[in-house]
Amino acid sequence: MENTFKVLKREEVSAKNQRVFDELKKSFGAVPNLYSTLAYSENALEAYINLENSKTSLTRKEVEAATLVVSEVNNCVYCLSAHTMVAKLNGFSEEQTLEIRGGNASFDKKLDALVKLTKQLSKERHPGDGILVSAFFQAGYSKENLIDLIVHIGDRTISNILHAVTQVPNEFPSAKSIH
């Protein structure tokens, strides 16, 4: 069926994407299913990995917190599952990942400002009355951090929409529901 996406194998993708698959396998031990889906395009896989791996002024924990919020807002079970695992590897507890997904980080005042703003921007695509942007700056974040956060929200939104459309299988342990 034309609108069904399967997980592509190395031999089914272009030579360019085969090289990217080889790098992914070296890094992760396997090619994640969602990355495989990007290989339907000659250029999307490489472009997405370049975006995802671009430098940021945010810490790994801040990136993972934002990822969990965006993926929760967009209801992406695949990304929530993968990034709950990654968030734990970056020092978050299971309880903290669930709280972050709900839009709060009561255990860290600075991170809480980032989480709340990420939820607002992801959900509304607009800063609202600006109070959360002000709180973000008051928490110690810079204009560079804000721009990097917005780019990261875009990055995560791409993967969330990609999974919503393709519905490739989730190979990660399923994230708990917060509802």
Could you report the tightest heavy-atom contact between [X] and [Y], atom names first, then the distance?
{"X": "Ala66", "Y": "Thr118", "value": "O-CG2, 3.7 Å"}
{"X": "Ala87", "Y": "Thr97", "value": "CB-CG2, 3.9 Å"}
{"X": "Thr67", "Y": "His152", "value": "OG1-NE2, 2.7 Å"}
{"X": "Val7", "Y": "Glu12", "value": "O-OE1, 4.1 Å"}
{"X": "Ala65", "Y": "Val115", "value": "CB-CG2, 4.1 Å"}
{"X": "Ala39", "Y": "Phe21", "value": "CB-CE1, 3.6 Å"}

In Å, rounded to the nearest 0.5 Å, how long is the span from [atom1] of [X] to [atom2] of [Y]?
{"X": "Lys116", "Y": "Leu111", "atom1": "NZ", "atom2": "CG", "result": "10.0 Å"}
{"X": "Glu72", "Y": "Cys79", "atom1": "CD", "atom2": "SG", "result": "12.0 Å"}
{"X": "Ile100", "Y": "Asp112", "atom1": "CD1", "atom2": "CG", "result": "9.5 Å"}
{"X": "Leu68", "Y": "Arg101", "atom1": "CG", "atom2": "CZ", "result": "7.0 Å"}
{"X": "Asp108", "Y": "Gln96", "atom1": "CG", "atom2": "CD", "result": "8.5 Å"}
{"X": "His83", "Y": "Phe92", "atom1": "NE2", "atom2": "CZ", "result": "13.0 Å"}

- Only counting residues at least two apart or in another chain, list the ones meeting ring-ring contact (aromatic ring centres under 6.0 Å, His included) with Phe137. none
With heavy-atom distances below 4.5 Å as the criterion, would you say the side chains of [X] and [Y] are in contact?
{"X": "Lys25", "Y": "Arg10", "value": "no"}
{"X": "Phe136", "Y": "Gln120", "value": "no"}
{"X": "Glu62", "Y": "Tyr141", "value": "yes"}
{"X": "Leu58", "Y": "Leu114", "value": "yes"}
{"X": "Leu117", "Y": "Leu121", "value": "yes"}
{"X": "Ser106", "Y": "Glu99", "value": "yes"}
{"X": "Lys109", "Y": "Gln138", "value": "no"}

Whether over 12 other heavy atoms sit under 6.0 Å from [X] [atom1]:
{"X": "Lys9", "atom1": "NZ", "answer": "no"}
{"X": "Lys61", "atom1": "NZ", "answer": "yes"}
{"X": "Lys176", "atom1": "NZ", "answer": "no"}

- Task: Please answer: with hydrophobic residues joined when any side-chain heavy atoms are less than 4.5 Å apart, are Leu34 and Leu51 in the same cluster?
- Result: yes
- Query: According to a 4.5 Å side-chain heavy-atom criterion applied to Ile, Leu, Val, Met, Phe, Trp and Tyr, with indirect links allowed, do Val77 and Val86 form part of one hydrophobic cluster?
  - Reply: no
- Output, in order, the C-alpha distance, side-chain angles, deciding distance and verdict of salt bridge (charged side-chain N to carboxylate O under 4.0 Å, His left out) for Glu23 and Arg19. CA-CA 6 Å; Glu23 290 301 314; Arg19 288 189 292 280; over 6 Å; no
- Side chains of Lys119 and Asn104: donor-acceptor distance under 3.5 Å anywhere? no
- Item | Side-chain (Glu64) to main-chain (Asn90) donor-acceptor, under 3.5 angstrom | no
- Query: For Pro32, does its backbone N or O pair with a side-chain atom of Ser36 as donor and acceptor, under 3.5 Å?
  - Reply: no
- Message: So that I can tick it off, tell me whether Lys55 and Asp148 are bridged by a salt bridge, with the cut-off set at under 4.0 angstrom between side-chain N and carboxylate O.
- Response: no
- Item | Plane angle bin for Tyr48 and Tyr35 - parallel if under 30°, tilted between 30 and 60°, otherwise perpendicular | perpendicular
- Message: Tell me which pairs pass side chain to side chain donor-acceptor pair (under 3.5 Å) where either residue lies in residues 157-168, with sequence neighbours left out.
- Response: Ser71-Asn160, Asn74-Asn160
- Note on the structure: From the list Ile153, Val151, Asn145, side-chain contact (heavy atoms from CB on, under 4.5 Å) with Leu149 holds only for Ile153
- Query: What residues form a side chain to side chain donor-acceptor pair (under 3.5 Å) with Lys88, not counting sequence neighbours?
  - Reply: Glu94
